[in-house]
Amino acid sequence: MESTLRWGILATGHIARTFAGDLRDAGITMAAVGSRAPGAAEAFAAEFGIPTAHGSYEQLVADPNVDVIYVATPHPMHLSSALLAIEAGKHVLVEKPFTISQPQARTIADRAAAHGVVAMEAMWTRYLPHMVRLRELIADGAIGDVRTVIADHTQSLPTDPTHRLQNPALGGGALLDLGIYPVSFAVDVLGLPTEVQAHATMTPTGVDRQTAMVFVHEGGRQSVLHCALDTAGSNRAVVLGTTGAIEIDRVWYTPTSFTLYDRDWNPVERFDQPVATRGMHFQALELERRVRGGEPSSLPIDETVAIMGVLDEVRRLIGLEYPQQ
């Protein structure tokens, strides 16, 4: 799909660099970047060939040469960053987790609708080729009645108590940074849960070090999900059905491959479509399609808001509280 919009990058951290690199490699136009540190914006612009560097977020969203803003601030700042762009009449692609709570997510969705702009969560995994094919197979009945999703996202990340991931004021913990992936995947395949169970082990700073979740979905279907900050695992996922299964290789939430099996675990189909980049440009192209009038194909904004509600319930169950909530 041809890119037609001019992108502005709001913030210059690690995730913004990954996104900008994929946009550059895909030939998608980046018109400007903004940072609260002018030097950081200038260095970022030089690295990725972006013509304009702004020394504030306000200058970035006011730029008439920018159509859509990619919000890459830490998630406690997503609400203010997204609203700044929306009020300036810009479409927004907001990094996941979309916000730190469902009320904040609903505010962004409502404000975007009022201003006639598109707001979309940057859950890039949903738009990767192997996920598109997985949904096609499930819709075609390739594994029968889908009964179970099993997925984890575990990494070995900084344990320094001063690090953002360890700080409740900065939305730290495994759930919002890592758990959002398996939670969103389970909802993608099985729909929103009707019952949520969760248990966590907390860090000394008061965020979840690891969280295990069991969801019940319509018809008694189940998802078994896990996330952890300090134990790197296989990061595989499997979808089980009555006549087969789909097993996604590691790392399941990045561009990867999978195998379709029949009920006796004989391989039926192997999907292996390499992606030259991390694949974050697919979500940018999806937002552009929506701006042109296409219906949301995978993650409508109301589902993003509902998923934030699921995460709120998990946080309630495990006792994870943030000052901003």
Side-chain angles (χ1 to χ4, degrees), residues 96-97 121 123-154 175 178-199 211-227 233-273 279 282-283 286 295-311 313-314 317:
K96 82 253 146 281
E121 181 184 9
M123 180 44 71
W124 58 291
T125 300
R126 291 218 183 185
Y127 306 100
L128 297 176
H130 72 286
M131 286 297 178
V132 174
R133 179 57 181 155
L134 179 145
R135 284 192 293 270
E136 291 173 348
L137 288 170
I138 290 174
D140 290 342
I143 60 172
D145 182 19
V146 179
R147 295 287 177 81
T148 309
V149 168
I150 303 171
D152 74 313
H153 186 177
T154 55
L175 180 64
L178 307 181
I180 176 65
Y181 284 89
V183 169
S184 185
F185 180 49
V187 172
D188 188 15
V189 175
L190 298 175
L192 290 163
T194 57
E195 181 182 338
V196 174
Q197 299 179 24
H199 296 275
T211 297
M213 297 162 276
V214 176
F215 295 169
V216 178
H217 304 259
E218 184 179 358
R221 299 177 295 173
Q222 297 178 350
S223 54
V224 181
L225 316 171
H226 180 250
C227 58
S234 64
N235 289 312
R236 293 174 178 264
V238 62
V239 182
L240 304 176
T242 53
T243 63
I246 298 172
E247 186 175 44
I248 310 176
D249 300 336
R250 73 179 315 272
V251 172
W252 69 265
Y253 50 85
T254 68
T256 190
S257 50
F258 69 73
T259 303
L260 168 67
Y261 295 94
D262 65 17
R263 70 169 72 239
D264 297 316
W265 277 83
N266 298 307
V268 175
E269 176 182 323
R270 180 69 176 167
F271 180 90
D272 191 359
Q273 181 178 316
F282 291 113
Q283 62 184 347
E286 170 63 14
E295 290 297 318
S297 60
S298 174
L299 185 55
I301 190 63
D302 285 345
E303 186 170 314
T304 286
V305 174
I307 288 171
M308 286 309 308
V310 175
L311 293 172
E313 175 62 9
V314 172
L317 290 170

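Bear in mind the structure is a predicted one, so any value in this text is a computation, not a measurement.
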All heavy atoms of L260 vs all of L137, minimum pair found to be CD2-CD2, 4.2 Å
State, without any angle test, whether T242 and D145 hold a side-chain donor-acceptor pair at a distance under 3.5 Å.
-> no
So CZ of R221 and CZ of F215: to nearest 0.5 Å the spacing works out to 14.0 Å
Hey, does the side chain of R133 reach the backbone of F271 with a donor-acceptor pair shorter than 3.5 angstrom?
-> no
Exactly one candidate in T259, I138, V238 meets side-chain contact (heavy atoms from CB on, under 4.5 Å) with I246; the answer is I138
Check: In terms of the angle between their ring planes, are Y253 and H153 parallel, tilted or perpendicular, with boundaries placed at 30° and 60°?
Finding: tilted
Check: Any luck finding a side-chain donor-acceptor pair between T243 and R263 under 3.5 Å?
Finding: no
On a heavy-atom basis, the closest approach of V314 and A198 is CG1-CB, 3.8 Å
#### Entry: Close side-chain approach of M308 and L311, heavy atoms under 4.5 Å
yes
Do we see a donor-acceptor contact under 3.5 Å between the side chains of H217 and S223?
yes
Rounded to the nearest 0.5 Å, the CG atom of D152 sits from the CG atom of L178 at a distance of 10.0 Å
What one should report as the nearest heavy-atom pair of R270 and S257 is NH2-OG, 3.1 Å
Q) Is the closest side-chain donor-acceptor distance between R250 and T256 under 3.5 Å? A) no
* Is any NZ, NE, NH1 or NH2 atom of the basic residue among E286 and R126 found under 4.0 Å from an Asp or Glu carboxylate oxygen of the other? -> no
Partner of W252 under side-chain contact (heavy atoms from CB on, under 4.5 Å), picked from L128, T125, L134, is T125
Is the shortest side-chain heavy-atom distance between I180 and E121 below 4.5 Å? yes
Taken to the nearest 0.5 Å, the spacing of D249 CG from H130 NE2 works out to 9.0 Å
When rounded to the nearest 0.5 Å, the distance separating CZ of R236 from CD1 of I150 is 13.5 Å
Rounded to the nearest 0.5 Å, the CE atom of M131 sits from the CE atom of M123 at a distance of 10.0 Å
Any chance CD of E136 has more than 12 other-residue heavy atoms, nucleotides or ligands included, within less than 6.0 Å? yes
Taken to the nearest 0.5 Å, the spacing of L225 CG from F185 CZ works out to 9.5 Å
Of all heavy-atom pairs linking T154 and G233, the shortest is OG1-N, 2.8 Å
Pairwise side-chain contact, P193 with E313, heavy-atom cut-off 4.5 Å (strictly under):
no
Closest non-hydrogen atoms of L317 and V196, given as atom of the first, atom of the second and distance, are CD1-O, 3.4 Å
Taking every heavy atom of Y181 against every heavy atom of W124, the minimum-distance pair comes out as OH-NE1, 3.0 Å
